[in-house]
Every structure is written in structure tokens, then in C-alpha cells.
Amino acid sequence: MGLTAYEPGAMAELRRAAWRWLHGWWRIVHLGTTLIVLALSPASYDAEQRTALARHVYLGSAPALAWFSVLSALLSLIVIRIVLVTSLSYGLSQYAIEMVVRVLVLELIPLTAALFAALRCTLPQAADVAALRADGRWAELIEQGQDPVRREVLPRVAAGVFAVCLLAAVSCGLTLVLAYLSVYGFNTTGFAAYTRTVGHVFGPAVALIFGLKIVFFALAVALIPVASVLYDRPHPRLGTSTELQGLVRMFLLILLIEAVSLVGNYY
């Protein structure tokens with residue numbers, strides 16, 4: 001009897017949780033489309049908005065670029081060395097460069113850039129938006145006839161997207177240079193073979209998937225944390241805050257994007 005009485009309540013709670021989950025994703029999509037429309041509107045680029053956008057882009061990317069470049073270079077050198085030694089031991093040295101490009105440039109570096117940008121840029125930006133709402137600045141902008149999404153959210157999300165794309169581009173280029181130097185040294189004798197191997201890996205389909213993956217990574221880490229602090233509510237019964245809900249959604253979407261890219265590249 002107790003189990004039978006419990007089932008309707010459990011099912012109702014499950015339906016409410018599913019509805020909250022779907023509604024949360026819908027609000028993220030809605031905010032994303034709103035920001036795209038605002039980004040394409042000339043009214044979003046007055047003098048004050050351009051200054052705010054430039055400031056957020058600089059603060060979100062420039063301080064982290066040097067640190068991430070050093071970290072990605074160290075990680076790349078370690079992985080490159082492991083791949084080269086393993087390939088030589090099994091007599092597969094002709095596949096070493098291709099393996100390095102596929103493992104590092106296609107998979108690990110974009111994922112690492114997205115997570116690093118989330119920790120360094122987009123999560124603190126989301127915390128700033130939450131603070132704006134808590135101290136009343138959000139309501140003041142509305143009372144002044146301004147759109148807080150345009151003034152405060154758009155520059156921060158744009159900065160997050162730019163940070164992911166910049167970190168991924170710089171670190172991928174640095175990894176390609178390090179891979180060449182590790183194999184051929186400081187000379188140009190292997191440049192033709194190296195570029196041929198890299199070009200073989202980056203076919204049209206793979207290059208398209210690679211570019212789309214970076215863009216979707218950037219949108220995920222830039223948009224979801226801000227959307228969570230804007231729309232989500234804490235769940236005391238579950239012990240989850242809005243920040244934690246945003247992290248869970250962000251990691252789930254990143255894993256989904258990575259899985260789809262792997263299917264597109266290798267199946």
C-alpha cells in the first residue's frame with residue numbers, strides 16, 4: 001500500500017523535473033537566438049556598447065592567452081613525445097604525425113580550450129551578471145529604459161565566444177609547429193611531407209566538423225552559465241544551486257558535441 005501510494009507522487013515529481021529540464025534548455029535556446037539578433041542589430045554598437053564589448057573581449061582573452069599557450073605547449077610536447085616513442089617502438093613512425101594531429105589538434109586542444117575559457121572567462125562573467133541582478137543594477141537599467149540583455153549580457157557572451165575561438169586557434173597552431181619541430185627539427189626538409197599529412201587529415205568534411213565543433217563549444221561555454229544565473233532557480237530539496245545546474249548543462253552539452261564530432265569524423 002505504501003509503495004502504491006508513493007508511485008503517483010514520484011511520477012508527478014518526475015514529470016515536473018522533466019518539464020523543468022526541457023524548459024531550461026528552451027530558455028537557453030531562446031536567449032541564444034535573442035543574442036544573435038542583438039549582435040546583428042546596428043543599434044547594439046553605439047559608442048558605449050563598443051567600449052564595453054572591447055573591454056570584455058580583452059579581459060576575457062588577453063590575460064589567459066599566455067598561460068594557456070604555455071600549458072597547451074607543455075601538454076602537446078608530452079603527448080607528441082609519447083606518440084613518437086610508441087610509434088617508433090612498433091615500427092609505425094609513418095603514422096606518428098597523423099596520430100598527433102588527430103589526437104591533439106582535432107580532439108584534445110579544442111576541448112581543453114573550451115574548459116579553460118569556461119573557468120577563466122565565462123563562469124566569472126556569469127557571476128558578474130548574478131551580482132548585477134542581486135545589487136539592483138539590472139532593475140536600474142530597466143527603469144532607465146535600457147535593455148540589460150543588450151548592455152550587460154551581450155558583451156560578456158561575445159567575449160566568451162571569442163575567448164574559446166582565440167585559445168583554440170592559437171593553441172592548435174602552436175601544436176602543429178611543435179609537432180613539426182619534434183619530428184624534423186629546425187629545418188625545412190620535411191615541410192612538404194608534413195603539410196601533405198596535415199592536409200590529408202584536414203579533409204573538407206573533417207575541417208567543417210572541426211570548425212563547427214569549436215563554434216558550438218564556444219556557444220555552449222559562453223551562453224549556458226549566463227542563462228543559468230538569469231533563469232534557473234535553486235532547488236533546496238536537491239541541493240543544487242543555479243551555478244551547479246549551469247555547470248551540469250554545460251558539461252553535458254560539451255560531451256554531446258564531442259561525441260557527435262567523433263561520429264562525424266570516424267564513422
Y194 side chain to L176 backbone, donor-acceptor under 3.5 Å:
yes
Ion pair check, E107 and R102, cut-off under 4.0 Å
no
Is a side-chain donor or acceptor of T175 paired with a backbone partner of S171 at a separation under 3.5 angstrom?
yes
Does any N or O in the side chain of S61 come within less than 3.5 Å of the main-chain N or O of Y58, such that one atom is a donor and the other an acceptor?
no
Under 3.5 Å donor-acceptor, Y45 side chain and L40 backbone
no
As an exercise, state the distance from CD1 of I254 to CD1 of I257, rounded to the nearest 0.5 Å.
7.0 Å
dist L223:CG -> S228:OG (nearest 0.5 Å) comes out at 9.0 Å
CD1 on I28 to CG on L230, rounded to 0.5 Å:
10.5 Å
Could you check whether any side-chain N or O of Q49 sits under 3.5 Å from a backbone N or O of R150, counting only pairs where one atom can act as donor and the other as acceptor?
yes
Counterpart residues, side chain to side chain contact (heavy atoms under 4.5 Å, CB included), relative to I209 (two or more places apart)
S261, N265
May I have the list of side-chain donor-acceptor pairs in residues 108-122 shorter than 3.5 Å, sequence neighbours left out?
from : atom 1 : to   : atom 2 : distance (Å)
T112 : OG1    : L108 : O      : 2.7
T122 : OG1    : A118 : O      : 3.3
T122 : OG1    : V221 : O      : 2.8

Does R156 use its side chain to pair, donor to acceptor, with the backbone of H56 at less than 3.5 Å?
no
How far does CG of L35 sit from NE2 of H30, to the nearest 0.5 angstrom?
10.0 Å
Report yes if some heavy atom in the side chain of V153 is under 4.5 Å from a heavy atom in the side chain of W138; otherwise report no.
yes
Any pair with a residue in residues 197-206 that passes salt bridge (Lys or Arg N to Asp or Glu O under 4.0 Å), sequence neighbours left out, goes on the list, sorted by first then second residue, please.
none
Supply the atom-to-atom distance R151 CZ to L38 CG, rounded to the nearest 0.5 angstrom.
11.0 Å
